[in-house]
Colleague: 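Pasting a structure here, questions to come.
Computed from a prediction, not measured in an experiment: that's the story for all the values here. All heavy atoms count here, side chains included; hydrogens, waters and symmetry mates do not. Labels below follow one simple rule: chain letters A, B, ... track the order of the sequence lines, proteins then strands, and each chain is numbered from 1.
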Amino acid sequence: MILKIKYFGLIEEITACNEEDFVFFKETILELKEILFQKYPKLENTSFKIAQNNEIANVNDKITGTEIVLLPPFAGG
Amino acid sequence: MERYNRHIILDKVGLKGQEKIQNASVLVIGAGGLGCPVLQYLTAAGIGKIGIIDMDIVTISNLQRQILFGTTSIGKNKAIAAREQLKNLNNEITINAYPEKLTHQNALQYFKEYDIIVDGTDNYATRYLINDASIITNKPLVYGAIYKFEGQVSVFNYQNGASYRCIFPKKPNGAEPNCSEVGVLGVLPGIIGSLQATEVLKIILNIGDVLSGNLLCYHALTNKITKIKFKKNALEIEKIVEGRKTFHLKMDTENCVIEKFEIPVEKAFQLKNTQFIDVREYNEQPKITFKNRVQIPLSELKTNLSKIDITKTNVFFCKSGIRSKQAVLLLEQEEIKNSFSIKNNLQEIINYINHEK
């Protein structure tokens, strides 16, 4: 399936784009994470959560949506 | 009540609603980019009692976004300077200024004195402290945070709802930079702070849908607002509740541990057998070179520990002294001792080097 992945905050600086289409053949959020780590090794040292269909997902969740967000915490104020 | 006429004539507010606002109390932590607009709108709205905690001093680089202050505020404590300005906006309410740092020792006492807590701080350590203290004192927490052109807003612990730890259970390792290091569009905290003030008023008035269980993400460049839902994680909240009796005994380690490693630039250059490590990213300006200086960006430090010469005294520096502190902490975690962080900012370091030449 083709996922639309959006990168928020400083993740955008690691991926050098704020969204991209991603062809994905596996099943879970964890598997997606592993593929993203291969593509963007710096992500591994970065804190973020993954949301699908605008809801925070757990790593073991199956991917059911096509809209994915990588969401880091922000510190600034 | 003429002052509040435009509230009173609103059908969802009315005289009763305005009375609720005047009977409410709100504690705002951080009178910076977010705190300024929050304080201005809440003061204008006539919140009965407002508390402001901030230990920082107003500097000229704050004025680009911290619109409560003027040039005459420079050098003053932010909580005190904010109170002065707000008194002029509305002298019918109580405003308490606390020119001090929020700690595990004083947080619960302050939180108990207010109905609603607003987080306008700029670092993870304080954000987690605020979240946990809100859980223990059972206060709704209106959260806001910014990064460059983006902001996040949510309401935690609202009617036993989800908390910050339900999205991000653990404090990040601290490599994430703040506004003074990466910059921020001046108007952005104005937008995010205004959204926070709106949530405060909705909670008080009991109107609309409060942002509980939702993280609102705003992007100034695309004008996109994304609301991300998250569930309450009862286990994470239970852990905090269980630790309530020892909460005040916790040390604010991040600051306590580090302070003794923070040294002024002149002392750093007096140390013997030193290696100076610039932990800024490679693209940061200005580039500087001097004897015994190497560059290892903080983001790469953990994977480049072999580059650290443990026979030397390692002295870290960066743009503002924040990332260099984190570098010392990171080395401590790896059991590498004898490292220091220069507490001066880069310009002061450059001035010192030029002066010594």
Colleague: Answer yes or no: does atom CG of B:D209 have more than 12 heavy-atom neighbours from other residues, nucleotides or ligands under 6.0 Å?
Modeller: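 Counting other residues, nucleotides and ligands, CG of B:D209 stays at 12 neighbours or fewer.
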Colleague: Any side-chain heavy atom of A:S47 sitting closer than 4.5 Å to one from B:F168?
Modeller: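 In short, these two side chains do not touch, never coming nearer than 4.5 Å.
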Colleague: Is there a donor-acceptor contact under 3.5 Å from the side chain of B:Y147 to the main chain of A:P73?
Modeller: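 No, because the side chain of B:Y147 does not come within donor-acceptor range (under 3.5 Å) of the backbone of A:P73.
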Colleague: Counting only heavy atoms not in B:Y41, do more than 12 fall under 6.0 Å of its OH?
Modeller: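 Result for OH/B:Y41: open.
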Colleague: Under a 4.5 Å heavy-atom cut-off, does chain A meet the side chain of B:Y128, its backbone, both or neither?
Modeller: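 For B:Y128, neither part sits under 4.5 Å from chain A.
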Colleague: How long is the span from the CG atom in B:N233 to the CD1 atom in A:I56, to the nearest 0.5 Å?
Modeller: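 One gets 12.0 Å once the value is rounded to the nearest 0.5 Å.
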Colleague: Of the backbone (N, CA, C, O) and the side chain (C-beta and beyond), which part of B:K302 lies under 4.5 Å from a heavy atom of chain A, both, or neither?
Modeller: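 Answer is neither: B:K302 stays 4.5 Å or more from chain A.
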Colleague: Return the NZ to CG distance between B:K231 and A:N58, rounded to the nearest 0.5 Å.
Modeller: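 So the gap between those two atoms works out to 7.5 Å.
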Colleague: With a 4.5 angstrom heavy-atom cut-off, which part of B:L215 approaches chain A: side chain, backbone, both or neither?
Modeller: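 Contact with chain A: side chain only.
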Colleague: Grab the two heavy atoms, one from A:F74 and one from B:R127, that are nearest each other, plus how far apart they are.
Modeller: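 Where A:F74 meets B:R127 most closely, the heavy atoms are O-NE, 3.9 Å.
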Colleague: For B:S299 versus A:K42, what's the shortest heavy-atom pair and its separation?
Modeller: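 Distance-wise, the nearest heavy atoms are OG-NZ, 4.4 Å.
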Colleague: Going by an N to O cut-off under 4.0 Å, is there a salt bridge joining B:K227 and A:E55?
Modeller: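 Judged by the 4.0 Å cut-off on N to carboxylate O distance, B:K227 and A:E55 do not form a salt bridge.
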Colleague: Would you name the heavy atoms of B:T226 and A:F8 that are closest together and state the gap between them?
Modeller: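 For B:T226 versus A:F8, the nearest heavy atoms are OG1-CZ, 3.8 Å.
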Colleague: Distance check, rounded to the nearest 0.5 Å: B:N214 atom CG versus A:N54 atom CG?
Modeller: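 So the gap between those two atoms works out to 9.5 Å.
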Colleague: Given side chains that start at C-beta, do those of B:P169 and A:K49 come closer than 4.5 Å, heavy atoms only?
Modeller: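 B:P169 vs A:K49: side chains touch.
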Colleague: Return the CD to CD1 distance between A:Q52 and B:I228, rounded to the nearest 0.5 Å.
Modeller: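 Separation between the atoms: 11.5 Å.
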Colleague: Is B:F149 in contact with chain A via its backbone, its side chain, both, or neither, using a 4.5 Å heavy-atom distance?
Modeller: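 Answer is neither: B:F149 stays 4.5 Å or more from chain A.
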Colleague: Enter the distance from B:H219:NE2 to A:N18:CG here, rounded to the nearest 0.5 Å.
Modeller: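 B:H219 NE2 to A:N18 CG: 6.0 Å, rounded to 0.5 Å.
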Colleague: May I ask you to check whether over 12 heavy atoms, not counting those of B:L221, lie within 6.0 Å of atom CG?
Modeller: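 Counting other residues, nucleotides and ligands, CG of B:L221 exceeds 12 neighbours.
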Colleague: Side chain, backbone, both or neither: which part of A:E13 has a non-hydrogen atom closer than 4.5 Å to chain B?
Modeller: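 For A:E13, the side chain is the part near chain B, not the backbone.
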Colleague: With a 4.5 Å heavy-atom cut-off, do A:L71 and B:C217 have their side chains touching?
Modeller: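 Heavy-atom side-chain distance check passes, below 4.5 Å.
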Colleague: Is it the backbone or the side chain of B:Q66 that comes under 4.5 Å from a heavy atom of chain A, or both, or neither?
Modeller: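 For B:Q66, neither part sits under 4.5 Å from chain A.
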Colleague: Looking at B:Q152 and A:P72, would you say the former's side chain and the latter's main chain have a donor-acceptor pair under 3.5 Å?
Modeller: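 Yes; at least one donor-acceptor contact below 3.5 Å.
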Colleague: A:E12 versus chain B, heavy atoms under 4.5 Å apart: side chain, backbone, both or neither?
Modeller: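 Just its side chain gets close to chain B.
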